[in-house]
Amino acid sequence: DAAGKAPEGFTSYATGGGPAGKWVITEMNDAPSGKRVVVQTDADKTDTRFPVLIADSGEYSDLDVSMKAKSISGKVDQGMGLVFRFRDPKSYYIVRANALENNFHLYRMVNGKRLQFAGAKAKVSPGQWHTLRVVAKGDHITCWFDGKQLIDAHDKMYTTGKVGLWTKADSVIAFDDLAVSPL
């Protein structure tokens with residue numbers, strides 16, 4: 001996609017309070033896959049704001065999904081997340097790393113409320129690319145941060161859905177290399 005525009009084949013949603021995100025294709029010299037990445041650029045500080053960018057095609061139940069992300073800025077939050085089994089803006093799973101809190105958490109979004117059910121401490125360096133990965137098979141969900149498995153959980157709230165990207169509040173985050181494979 002051309003720099004300066006929203007990515008084609010994706011839809012932007014807002015969960016919680018505040019506006020939807022502003023997702024823009026941007027050229028970045030240190031991008032893992034070349035020069036173009038997608039950046040969520042809106043720094044609205046609403047603490048309960050969760051902008052998501054969801055791939056329009058593909059419904060997955062059992063899957064292996066990953067992406068790379070880099071935190072650029074944020075005073076309220078610097079959360080970079082990977083969405084899976086997205087059913088609607090109020091119903092999905094999210095695994096996210098936070099550069100301000102140095103943690104890696106797994107949530108379910110239920111009626112627009114974020115509920116953590118697994119997590120771990122992790123060094124999330126701002127301004128550096130990190131890899132988030134999820135393998136979900138049935139109710140078994142494993143999550144990796146920078147190649148290390150940190151979460152092994154079970155949950156059967158959602159069994160199928162789309163994939164995408166996630167931020168929180170004023171997080172300005174760059175994303176690259178979103179990849180998904182059905183299992």
Side-chain angles (χ1 to χ4, degrees), residues 10-23 38 40 42-67 69 71 74 76-122 124 130 132-145 149-173 175 178-183:
F10 289 83
T11 300
S12 175
Y13 299 95
T15 299
K22 292 181 184 163
W23 302 85
V38 64
Q40 195 296 120
D42 186 349
D44 182 287
K45 294 183 178 184
T46 304
D47 189 50
T48 58
R49 175 180 175 252
F50 307 109
V52 293
L53 184 69
I54 302 299
D56 294 334
S57 63
E59 291 273 335
Y60 304 92
S61 50
D62 295 344
L63 76 159
D64 185 337
V65 60
S66 64
M67 61 84 174
S71 115
V76 175
D77 208 282
Q78 288 187 29
M80 55 191 83
L82 181 58
V83 173
F84 61 104
R85 294 182 177 168
F86 177 93
R87 298 163 55 116
D88 61 56
K90 295 182 177 186
S91 311
Y92 57 88
Y93 289 113
I94 167 72
V95 67
R96 76 98 177 103
N98 189 309
L100 293 181
E101 299 171 2
N102 283 313
N103 57 33
F104 184 65
H105 291 165
L106 178 60
Y107 301 90
R108 74 176 75 83
M109 194 67 76
V110 180
N111 294 322
K113 302 283 186 209
R114 188 178 63 148
L115 306 170
Q116 180 187 334
F117 65 97
K121 292 182 186 243
V124 184
H130 297 283
L132 284 70
R133 178 179 173 217
V134 172
V135 174
K137 193 167 187 180
D139 73 342
H140 190 199
I141 302 168
T142 53
C143 305
W144 283 260
F145 179 73
Q149 183 183 326
L150 297 180
I151 295 173
D152 188 339
H154 291 268
D155 192 82
K156 51 186 165 186
M157 175 70 73
Y158 307 121
T159 57
T160 190
K162 296 180 179 188
V163 299
L165 311 172
W166 177 99
T167 67
K168 180 180 183 240
D170 64 342
S171 301
V172 175
I173 308 291
F175 295 90
L178 176 64
V180 61
S181 299
L183 296 178

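- Side-chain contact between L106 and I141 is present, with at least one heavy-atom pair separated by less than 4.5 Å.
- Remark: the backbone N or O of P51 is not paired with any side-chain donor or acceptor of Q40 at under 3.5 angstrom.
- The aromatic rings of Y13 and F86 lie tilted to each other, with the angle between the two planes from 30° to 60°.
- What you find for S71 and A99 is that their closest heavy atoms are OG-CB, 3.8 Å.
- You'll find the side chain of I54 reaches within 4.5 Å of the side chain of V83, heavy atoms only.
- Residues V134 and L82 meet the side-chain proximity criterion, which asks for heavy atoms closer than 4.5 Å.
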Does the pair H140 and D155 meet the rule for a side-chain hydrogen bond (donor to acceptor under 3.5 Å, both in side chains), with working shown? CA-CA 7 Å; H140 190 199; D155 192 82; over 6 Å; no

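- Side-chain contact check for D56 and T11: at least one donor-acceptor pair (N or O, by modelled atom type) lies under 3.5 Å.
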Could you give the side-chain donor-acceptor pairs of residues 110-118 under 3.5 Å, partners two or more places apart or in another chain?
unit_1	atom_1	unit_2	atom_2	d
R114	NH1	Y107	OH	3.4
Q116	OE1	H105	ND1	3.2

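- Nearest heavy atom pair, residue L63 against residue L183, reads O-CD1, 3.5 Å.
- Rounding to the nearest 0.5 Å gives a distance of 5.0 Å between CG of D42 and NZ of K22.
- Within the 6.0 Å centre-distance limit, the rings of W166 and F50 are counted as a close aromatic pair.
- Note: F145 and F104 have tilted aromatic rings, judged against thresholds of 30 and 60 degrees for the angle between ring planes.
- Residues forming a side chain to side chain contact (heavy atoms under 4.5 Å, CB included) with N98 (at least two apart in sequence, or on another chain): D77, R96, L100, E101, N103.
- Proximity of a side-chain donor or acceptor of R85 to a complementary backbone N or O of S61 within less than 3.5 Å is detected.
- You'll find the ring centres of Y92 and Y158 outside the 6.0 Å limit.
- Salt bridge present: K168 and D47 bring a charged side-chain N and a carboxylate O closer than 4.0 Å.
- D170 contributes a side-chain N or O that, together with a main-chain N or O of V76, makes up a donor-acceptor pair within less than 3.5 Å.
- No donor-acceptor distance shorter than 3.5 angstrom exists from the side chain of D44 to the backbone of A169, with no hydrogens or angles considered.
- Between the R49 side chain and the G16 main chain, no donor and acceptor come within less than 3.5 Å of each other.
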